[in-house]
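All values below were derived from every heavy atom in this structure, side-chain atoms included, with hydrogens, water molecules and symmetry-related copies excluded. In what follows, chains are A, B, ... by sequence order, proteins preceding strands, each numbered from 1.
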There are 2 protein chains.
Amino acid sequence: MSDVAAAVGVSPMTVSRAFRRDASVSLKTREKILETAAALGYVFDSRASTLRSQKTGFVAVTIPSINNANFADTVGAISAELAQSDLQVLLGYTNYDLDDEERLIEQLLRRRPEALIVTGGSHSAHARTMMSNAGIPVVQMWDEPQDPVDMVVGFSNGQAMQLMVRHMIDQGRRNLVFLGGDDRSDVRGAERREGFITAMRSAGLPADRLVDTGTPPVSMHQGALAMQQALRQYPDLNGVVCVSDLSAFGAMSECQRQQVPVPDQVAIGGFGAYDISGQSVPEISTVEVHSKEIGTRAAQAALAAINGNATQQDRIQNVVPVLIPRASTQRD
Amino acid sequence: MSDVAAAVGVSPMTVSRAFRRDASVSLKTREKILETAAALGYVFDSRASTLRSQKTGFVAVTIPSINNANFADTVGAISAELAQSDLQVLLGYTNYDLDDEERLIEQLLRRRPEALIVTGGSHSAHARTMMSNAGIPVVQMWDEPQDPVDMVVGFSNGQAMQLMVRHMIDQGRRNLVFLGGDDRSDVRGAERREGFITAMRSAGLPADRLVDTGTPPVSMHQGALAMQQALRQYPDLNGVVCVSDLSAFGAMSECQRQQVPVPDQVAIGGFGAYDISGQSVPEISTVEVHSKEIGTRAAQAALAAINGNATQQDRIQNVVPVLIPRASTQRD
DNA sequence: CTGAAAGCGCTAACAG
DNA sequence: CTGTTAGCGCTTTCAG
């Protein structure tokens, strides 16, 4: 920066101002400075800027996995919303593992983000402490924690799944099996399975037909394998409720391979409103959880808190899931 | 850091060493320091560390879109590979736009990454200049640029698509239509379409049957719409070649809705070896481009160059695409 | 094994 | 509209 200043014949301070588009630098001077900088191949150093001004210009975001269209939508929406305030996203993956998440959160906080947006409401004790003490706004999303760290933009995965189960029951399906819901790491998957159990019990139906699909991320292939097992184990089944649209599609493909008519013999319900559930034949009933809306509102809440004008309404927001009934659960 | 030092009764320098696990700090002192730091809620500031040591500990990566399983696989592999050398990924999205990419690259370079890994081989003039002058290793991936900036890990999208076209022709399909290939922004899509044209011409077949699917990212829905148009416009078609497995799946679903048998009446070929093409019924023939392998090798090349021991073989690497023939293009 | 001095490249605060 | 001074929180370097 001092090289540029010397070349133009001004002080480094003026160069600094020119780069920040500070109004108090004359337009002519600024242009000359930017031109000279470009000619010299000078690249502004954000690290130093960040250290001195105590503004890093980014918001840290954690998601379980990069390869999940729902979280990708959420992150995309966060990016878009933050970009309007010249903030960037610093993204990290937890691999559906609370220890990984703890390490990740520490790494992210070391870079001094201006806010932290995390997926989920369950964390290791140390991670919780770090978030509480970070002195920045924290948003938990995609869940409804009992005891929020700070702000929340989410929904109850259990209640959302109950929408689907009740729909299936309303359609006359009583022999239902749940596919998915890993206890060890996929917290939201386990909550959805609990939702299945709750809804079945309230209807006085057997709630113990559960097939584990294995470790997350949930895949189409896992759904196919689980369906194989379900058809073998519960020959009278007339509906499966899946933890995700991806496993639902895998399950439906398995039915097609085994000549099991969907929905005539077996109804199939998914979760998450992925593209696939709206494009397959037949289309798969699902639960729309508004991934983008969650991202937009999480970013808005973080921004409001950063600017010190977060209202009480910003702090705990419920984004209401909606059932989307389609052909896979309804006879003509 | 000086607070921690004071609390323990050592100098800040010793605290600094303890945090870096420098061997020259006694184990007992180190433990006491780390405990005290945790108790005080101290969080190490990477920015200052980074500024002074000139090592940021991260590698910048650009991809067109977060919501694409192929690029997600590549980024996942890069992350995993870099983690072994204690490097993190700083990720950015170009939205398939060269101007956005230019801005993004500037933003990323301002944070002084130790290497830059970009998707694609076409860039704005200014972006190229910035990359060349950055003084760090640059890897272009997912493409085979004529005039590389520095290192390359990729493949020819055109040749890869020719594999599929020749396979379709070998299967006796001659009335082929290409779905996809946006000129304006999706460089690799356009290259794949060129591959279609080249392969058709070499076979002496009409190469002008092209249906645009619109702006990227390519979606299943785009594929369905394009298939509608193709069936209307070219009633004699017996095969469609799609720019991506996603549009291929959309096209196949459209055929199912219109009672057009696949592959008996129309063969369908995809690209990219997404999960969907291996799970659908029938399974969709595709081209495996080894998304993870590209990421692993790009990261390895970047690491080698950072450590100053990149061989000539590391510099330009071809990851050979492989045709995966499946039911969607082959009669029993 | 530990410490003191100096400085990474920028900007806040104040002055003109 | 422009400049000067000091310092953000760490680590390099040199010294013990």
Side-chain angles (χ1 to χ4, degrees), chain A residues 1-34 36-37 40-58 86 88 106-114 133-136, chain B residues 1-34 36-37 40-58 86 88 106-114 133-136:
Chain A
M1 188 174 262
S2 53
D3 290 353
V4 177
V8 179
V10 295
S11 74
M13 199 57 235
T14 304
V15 177
S16 170
R17 289 189 178 112
F19 266 89
R20 279 176 289 154
R21 275 144 186 66
D22 187 310
S24 69
V25 176
S26 77
L27 219 107
K28 214 176 118 193
T29 313
R30 182 165 89 197
E31 278 189 4
K32 199 168 164 193
I33 289 172
L34 295 181
T36 312
L40 292 178
Y42 165 76
V43 179
F44 185 90
D45 190 327
S46 313
R47 298 168 308 167
S49 160
T50 260
L51 179 60
R52 177 66 240 233
S53 69
Q54 298 293 47
K55 289 191 177 175
T56 51
F58 59 62
D86 282 320
Q88 291 183 301
E106 172 144 32
Q107 287 303 317
L108 293 172
L109 290 178
R110 286 180 167 199
R111 301 205 190 266
R112 298 292 190 273
E114 301 190 21
N133 295 343
I136 53 173
Chain B
M1 188 175 263
S2 53
D3 291 352
V4 177
V8 179
V10 294
S11 74
M13 200 54 238
T14 304
V15 178
S16 169
R17 289 189 177 109
F19 265 90
R20 277 176 290 155
R21 275 143 186 65
D22 187 309
S24 70
V25 176
S26 78
L27 219 108
K28 213 177 119 191
T29 313
R30 182 165 89 197
E31 276 188 6
K32 198 168 164 192
I33 289 173
L34 294 181
T36 311
L40 292 179
Y42 165 76
V43 179
F44 184 89
D45 191 326
S46 313
R47 299 168 307 166
S49 161
T50 260
L51 179 61
R52 177 65 240 231
S53 69
Q54 298 294 48
K55 289 190 179 173
T56 51
F58 58 63
D86 281 320
Q88 291 184 301
E106 171 144 31
Q107 287 303 317
L108 293 172
L109 290 178
R110 287 180 167 199
R111 300 202 191 267
R112 298 291 189 271
E114 300 189 21
N133 295 343
I136 53 174

A.B. asks: Less than 3.5 Å between a donor and an acceptor, one on the side chain of B/Arg17 and one on the base of C/dG3, is that the case here?
C.D. replies: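 Flag set: donor-acceptor pair detected.
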A.B. asks: Contact class for B/Thr29 (heavy atom, under 4.0 Å): base, sugar-phosphate, or nothing?
C.D. replies: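 Touches sugar-phosphate only.
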A.B. asks: Tell me: NZ of A/Lys55 to C1' of C/dC10, nearest whole Å?
C.D. replies: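 A/Lys55 atom NZ is separated from C/dC10 atom C1' by 15 Å.
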A.B. asks: Could you check A/Gly9 against B/Ser16 and say which one's nearest nucleotide on DNA chain D is further toward the 5' end?
C.D. replies: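 Here A/Gly9 is the residue nearer the 5' end.
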A.B. asks: Could you tell me if the side chain of B/Phe44 sits less than 4.5 Å from the side chain of A/Leu109, heavy atoms only?
C.D. replies: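 Counting from C-beta outward, A/Leu109 and B/Phe44 never come under 4.5 Å.
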A.B. asks: What is the distance from CZ of B/Arg21 to P of D/dT11, rounded to the nearest Å?
C.D. replies: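 Going from CZ in B/Arg21 over to P in D/dT11 covers 13 Å.
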A.B. asks: Do A/Ile136 and A/Glu114 have side chains that approach each other closer than 4.5 Å (heavy atoms only, starting at C-beta)?
C.D. replies: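 Result no, sub-4.5 Å side-chain heavy-atom pair not found.
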A.B. asks: What is the distance, rounded to the nearest whole Å, between atom CZ of B/Arg111 and atom C1' of C/dC8?
C.D. replies: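 Those two atoms, CZ and C1', are 18 Å apart.
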A.B. asks: The side chain of A/Ser26 lies closest to which of these nucleotides: C/dG9, D/dT2, C/dT11?
C.D. replies: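 Output: D/dT2.
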A.B. asks: Is a side-chain donor or acceptor of A/Thr36 paired with a backbone partner of A/Lys32 at a separation under 3.5 angstrom?
C.D. replies: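 Side chain of A/Thr36 to backbone of A/Lys32: a pair is present.
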A.B. asks: Between C/dC8 atom C1' and A/Met1 atom CE, what is the distance in whole Å?
C.D. replies: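 Roughly 14 Å, once rounded to whole Å.
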A.B. asks: Answer yes or no: is there a side-chain heavy-atom contact under 4.5 Å between B/Arg47 and A/Gln54?
C.D. replies: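 The answer is yes; the side chains approach within 4.5 Å.
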A.B. asks: Is there a side-chain polar atom (N or O) of B/Ser11 under 4.0 Å from OP1 or OP2 of C/dG3?
C.D. replies: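 Yes, within the criterion.
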A.B. asks: Side-chain N or O of A/Gln54 less than 4.0 angstrom from OP1 or OP2 on C/dA12?
C.D. replies: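 The answer is no; no side-chain N or O of A/Gln54 sits under 4.0 Å from OP1 or OP2.
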A.B. asks: Need one value for A/Ser2: base, sugar-phosphate or nothing, where a base atom within 4.0 Å counts as base even if backbone is also close, heavy atoms only.
C.D. replies: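 Touches nothing.
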A.B. asks: If you only use heavy atoms from C-beta on, which nucleotide in C/dT11, C/dG9, C/dA6 is closest to the side chain of B/Arg52?
C.D. replies: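 That would be C/dA6.
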A.B. asks: Considering only C/dC10, D/dC10, C/dG9, which nucleotide approaches the side chain of A/Leu51 most closely?
C.D. replies: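 For the A/Leu51 side chain, the nearest candidate turns out to be C/dG9.
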A.B. asks: Rounded to whole Å, please give me the gap between OH in B/Tyr42 and C1' in D/dC10.
C.D. replies: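 To the nearest whole Å, that distance equals 8 Å.
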A.B. asks: Taking atom C1' of D/dC10 as reference, at what distance in whole Å does atom CE of B/Met13 sit?
C.D. replies: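 That distance rounds to 9 Å.
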A.B. asks: Looking for any heavy atom pair under 4.0 Å, which part of the strands does A/Arg47 touch: base, sugar-phosphate only, or nothing?
C.D. replies: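 No contact.
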A.B. asks: Rounding to an integer number of Å, can you tell me how far A/Leu40 CG sits from C/dG9 P?
C.D. replies: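 It works out to 15 Å between those atoms.
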A.B. asks: What do the steps show when you test B/Gln88 against A/Arg111 for side-chain contact (heavy atoms from CB on, under 4.5 Å), and what is the final call?
C.D. replies: CA-CA 12 Å; B/Gln88 291 184 301; A/Arg111 301 205 190 266; 2.8 Å; yes
A.B. asks: Take B/Asp22 and B/Arg30, measure what side-chain contact (heavy atoms from CB on, under 4.5 Å) needs, and give me the verdict at the end.
C.D. replies: CA-CA 9 Å; B/Asp22 187 309; B/Arg30 182 165 89 197; over 6 Å; no
A.B. asks: Would you classify A/Phe19 as touching base, sugar-phosphate or nothing, given that sugar-phosphate means primed atoms plus P, OP1 and OP2, and contacts are heavy atoms under 4.0 Å?
C.D. replies: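 Counting heavy atoms under 4.0 Å across all strands, no contact is made by A/Phe19.
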A.B. asks: Heavy atoms under 4.0 Å, any strand shown: does B/Ser24 hit a base, just sugar-phosphate, or nothing?
C.D. replies: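 Base, at least one base heavy atom under 4.0 Å.
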A.B. asks: Under 4.0 Å: is that the gap between some side-chain N or O of B/Arg30 and OP1 or OP2 of C/dT2?
C.D. replies: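 It does not, given that no N or O in the side chain of B/Arg30 lies less than 4.0 Å from OP1 or OP2 of C/dT2.
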A.B. asks: For the side chain of A/Ser49, counting heavy atoms from C-beta on, which of C/dT11, D/dT11, D/dT4 is nearest?
C.D. replies: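 Given the options C/dT11, D/dT11, D/dT4, the side chain of A/Ser49 is closest to C/dT11.
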A.B. asks: Counting only side-chain N and O atoms of B/Thr14, is one of them less than 4.0 Å from OP1 or OP2 of C/dT2?
C.D. replies: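 Negative; the distance criterion is not met.
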A.B. asks: Rounded to whole Å, please give me the gap between CG in B/Leu27 and P in C/dT2.
C.D. replies: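 After rounding, the gap between these two atoms is 11 Å.
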